[in-house]
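Take a look at the structure below.
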2 protein chains.
Amino acid sequence: MESTSLEKTGFFARAWLPLKSLPEKLKPKVAELASQIIKLGKDDPRRVAHSLKVGLALNVVSLLFYLLPLYNDFGVSAAWALMTVVFVFEYSVGATLGKGLNRGFATLIGGALSVVAHQIACLSGEIAEPIMLGFFVFLQAAASTFIRFFPKIKAKYDYALVIFILTFSMISASGFRDDDIIKIASRRLSTVLIGGSVCVIICILICPVWAGLDLHNLIAANIEKLGNFLQEFGNEFFKTPKEGETEDDRSFLQQYKSVLTSKSTEESLANHAKWEPGHGQFQFRHPWNLYLKIGTLTRQCAYRIDALNGYLNTEIQTSSEMRHKIEEVYREMSLESGKALKELALAIKTMGQPSAATSIHLKNSKSAAKSLSSLFKSNVWGDTDLAAAVPVATVASLLIDVVACTEKIAQSVYELASMANFKSIDATLSPEKSQIRQQDDVKPPAKVDCPYVCVTVNEPTPAISGNENPSLTMATRISDS
Amino acid sequence: MESTSLEKTGFFARAWLPLKSLPEKLKPKVAELASQIIKLGKDDPRRVAHSLKVGLALNVVSLLFYLLPLYNDFGVSAAWALMTVVFVFEYSVGATLGKGLNRGFATLIGGALSVVAHQIACLSGEIAEPIMLGFFVFLQAAASTFIRFFPKIKAKYDYALVIFILTFSMISASGFRDDDIIKIASRRLSTVLIGGSVCVIICILICPVWAGLDLHNLIAANIEKLGNFLQEFGNEFFKTPKEGETEDDRSFLQQYKSVLTSKSTEESLANHAKWEPGHGQFQFRHPWNLYLKIGTLTRQCAYRIDALNGYLNTEIQTSSEMRHKIEEVYREMSLESGKALKELALAIKTMGQPSAATSIHLKNSKSAAKSLSSLFKSNVWGDTDLAAAVPVATVASLLIDVVACTEKIAQSVYELASMANFKSIDATLSPEKSQIRQQDDVKPPAKVDCPYVCVTVNEPTPAISGNENPSLTMATRISDS
């Protein structure tokens, strides 16, 4: 007996144990999930605001059901207003406006055409009517679906085409069972308009998220990240590796990596920004395409920086005399282009004309590149074999590329400052910078004086650019300056 | 009188002229549009088939309206079936299945929860009911919208969350006006299931487009493009530029550029492929992630090739003795890795084990890289200054990288061949290749013998890779071989 009771106790205890420990096992998982949620919200509190806004918009539109007079007007069609809110309400104002306008116009055109199709089908008699309707639905769906394959149309009007197919098919089919097709079409149009307007109004009035502002800040932040890397590159490349130093200590150098993959973010932000009305310091026709151009140039520069990053742990096998010489030049090139980039980032951020310091840094970096070229021609390398010279030479050609990239970025930022009427330099000058300006009256590069250049944005191939040969262009570029 | 009549004639003639010429002006535009449409269809005839399939699916679902017994069952809810077809029918089977399953499950869960919410709200009395309902709608919409910000969830279940919000809000709100909420919910679920099933059936039965097959072919084609470039690179680099030769003559060399930007296409194809059932030679759990790994390695190789492409027009300023020596080695490295890549592409295309010739080409390219290294250490460069040596040295380090990349790609392809049970080599051997095999009994690289390696797919940074220093790894890599 005793042993059986013990066995029983043992059985229950065994069964109970995992259940008892369950809350303790779940605890860390729940805690982790909670911390993830908090992190997501803290990283960008606008996400929380957006979630609440969607909830609010759905509730406002639900009034079409809850308030009897409204429900009497719209009936079950009120569901379309809910649907519009769910599909149209996007994170940024631009995306919401773009989808709302696409949906509104597509519903209008789809509705009108389906009414016409219905009238034609009615003329053909009761038996032929569904056949005619089916034919029209087939025709418009196939044609619209095919049009969606055009890349340019897909980029801008894909959603409109989907809604066009939907509206046309649904009103045609509903019209077959309900003769008052005009009423169906107008109810659908008005509910879509109500839903769309609620989205747009709530999106703009409560904590608006402007895609344009996000793009503006992203571009400035990316340029700044490259500047940070370049300011530190000289120190890191020439320092002797210390023991006990881990990769973590240099994680600040790796910030630039996010720039390498920001292309699609920039493009979608620019697409949305074009739908946005003027807001803050941005006019309606703000030159958003120029941001894409600057983004592309920044990414080209980032590809070189990524290559440079690969040489950070190289042991430099040259004579100490030579090492001393190149150290000075390499440091100067990298530091000065880094400073120039950070000045440019600051100019974009504050929407002021780039400071005079920018052109001084640009000039310094170019003259350093020039002295590097003569250093290489001087042939003081002695018996250094080529295998040892390869990294030194490659870093040189990458740095020369970086200097050239920096100048291109500077030109585009000057162009942007002129086209977007950035504040004049005097308004944004800090006392320190105005001193620099008095010391040296350097003009921005000549090309900048003709601001209205046609902008074509093509993402060039990454890595070392197209048909440009660093060592050849080294000569041309330097003789230009 | 006469002059007035003449004037009148003149007036009409002037008004008529632009109208008369209108058709002629429109003609070229219409012709251009037509040729664009024809090109789009010819490039991939499956696009035409897809458009027709969408039209067919919409017509099948429209029967819910046209056939009276069906309409009596579903009523206006039949519109949800149309809506499901419009939103769920995608180009590939995988994408359609993924969206259909997302939509089906989200409707099921959203519907069930909204019924529960409705019951709770009903308990709270007539006045409090809409307030409770509004609260629930707000809560679920805000929570679901916030969850959509998690990147992992967004990638896979974004559509499910949107449909969940929609279903919950709509059934809750409709339930307020119509007490038979179970009927509303079940009608919505059944119409969504009908629409989804029609999509999936038509998508699979009529000219199915398999995302998996597309991914398979894309990866093989990309490797082949790199092979084509490398096979020609030696010739192009060392030939003296002829007069009258334009960029067009070498456009075949630029095919590789599409590889640089194929990342997002590969990822979305792989995402869709994972939803697909077994088809043709592909099992249900085909190792699609391995394709992404191969794709990433191929792109890394393409970044080097892009850099090589930048050196095609360089004038080589070395002594003719040196030039002769490097020419032989450079040609061998590039040609042999090109051939190896093309063999690998062929193996993927035919789903056969990589041929024995592959490992011969790999071996040859590695031994060429080895002799290059000793050539560089021999210091026969004489007085060549460093500025002139930079391009030669950079091309060398890029070629060494390409050889290493090729080997990595080969290893992953061997891994794929083993995991996906590609046909044994004997079954696919052409007579020519079996001769090669008899001549030389080379084994594939040793690492390949352990096929079940954990695959982590991270897109590495483009351009010259992360922390690898070509000149340093040159030594290690060659001493390995």
Side-chain angles (χ1 to χ4, degrees), chain A residues 40 47 50-52 54-55 58-59 62 65-66 71 76 79 82-83 86 130 134 137-138 141-142 145-146 149-150 162 165-166 169-170 173-174 176-177 257 260 303 306-307 310-311 313-314 376-377 379 381 385-387 389-391 393-394 397 461-469 471-472, chain B residues 40 47 50-52 54-55 58-59 62 65-66 71 76 79 82-83 86 130 134 137-138 141-142 145-146 149-150 162 165-166 169-170 173-174 176-177 257 260 303 306-307 310-311 313-314 376-377 379 381 385-387 389-391 393-394 397 461-469 471-472:
Chain A
L40 202 68
R47 287 171 181 156
H50 173 68
S51 307
L52 299 178
V54 173
L58 278 177
N59 265 327
S62 297
F65 284 94
Y66 298 147
Y71 188 73
V76 284
L82 278 173
M83 206 180 118
V86 172
V137 167
F138 184 86
T145 307
F146 190 76
F149 283 111
F150 281 99
V162 172
I165 301 177
L166 179 66
S169 316
M170 216 150 45
S174 310
F176 180 70
R177 284 289 160 206
K257 296 226 174 200
L260 298 167
Y303 290 132
D306 192 48
Y311 285 91
N313 297 314
T314 313
F376 272 18
K377 290 208 173 111
N379 206 7
W381 293 81
D385 68 26
L386 202 64
V390 165
T394 313
S397 94
T461 53
I464 293 153
S465 75
N467 288 313
E468 242 184 342
N469 176 338
S471 70
L472 286 180
Chain B
L40 202 69
R47 287 171 181 157
H50 173 68
S51 308
L52 300 178
V54 172
L58 278 177
N59 265 327
S62 298
F65 284 94
Y66 298 147
Y71 187 73
V76 284
L82 276 173
M83 207 179 117
V86 171
V137 167
F138 183 84
T145 306
F146 190 74
F149 283 113
F150 281 99
V162 173
I165 301 176
L166 179 64
S169 317
M170 216 151 45
S174 312
F176 180 71
R177 285 287 159 208
K257 297 225 173 199
L260 298 168
Y303 291 132
D306 191 49
Y311 286 91
N313 297 313
T314 312
F376 272 17
K377 290 208 172 111
N379 207 6
W381 292 82
D385 69 25
L386 202 65
V390 165
T394 313
S397 94
T461 53
I464 294 155
S465 76
N467 288 311
E468 243 184 340
N469 175 336
S471 70
L472 286 179

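A, B, ... follow the sequence lines: proteins, then strands. Residue 1 opens every chain.
Considering CZ of B/Phe65 and CE of A/Met170, their distance stands at 7.5 Å, rounded to 0.5 Å.
If you measure heavy-atom distances from A/Phe149 to chain B, the contacts under 4.5 Å come from both the backbone and the side chain. Only the side chain of B/Phe176 comes within contact range of chain A, with heavy atoms under 4.5 Å apart. For chain B, the nearby part of A/Tyr71 is the side chain; its heavy atoms alone come within less than 4.5 Å.
Side-chain contact between B/Leu52 and A/Phe138: present, with at least one pair of heavy atoms (C-beta onward) separated by less than 4.5 Å.
Comparing A/Gly134, A/Gly55, A/Ser51, A/Ala141 by how many heavy-atom pairs each has under 4.5 Å with chain B, the most go to A/Ser51. Counting heavy-atom pairs closer than 4.5 Å to chain B, the top residue among A/Ala173, A/Pro130, A/Ala79 is A/Ala173.
Shown here for B/Thr145 and A/His50, the closest heavy-atom pair between the two residues is CG2-CD2, 3.5 Å. Minimum interatomic distance between B/Ser169 and A/Leu82 (heavy atoms only, all atoms of both residues): O-CD1, 3.9 Å. Heavy-atom minimum distance, A/Tyr66 versus B/Arg177: O-NH2, 3.0 Å.
In this structure, B/Tyr303 and A/Tyr303 have tilted ring planes: the angle between them lies in the 30° to 60° band.
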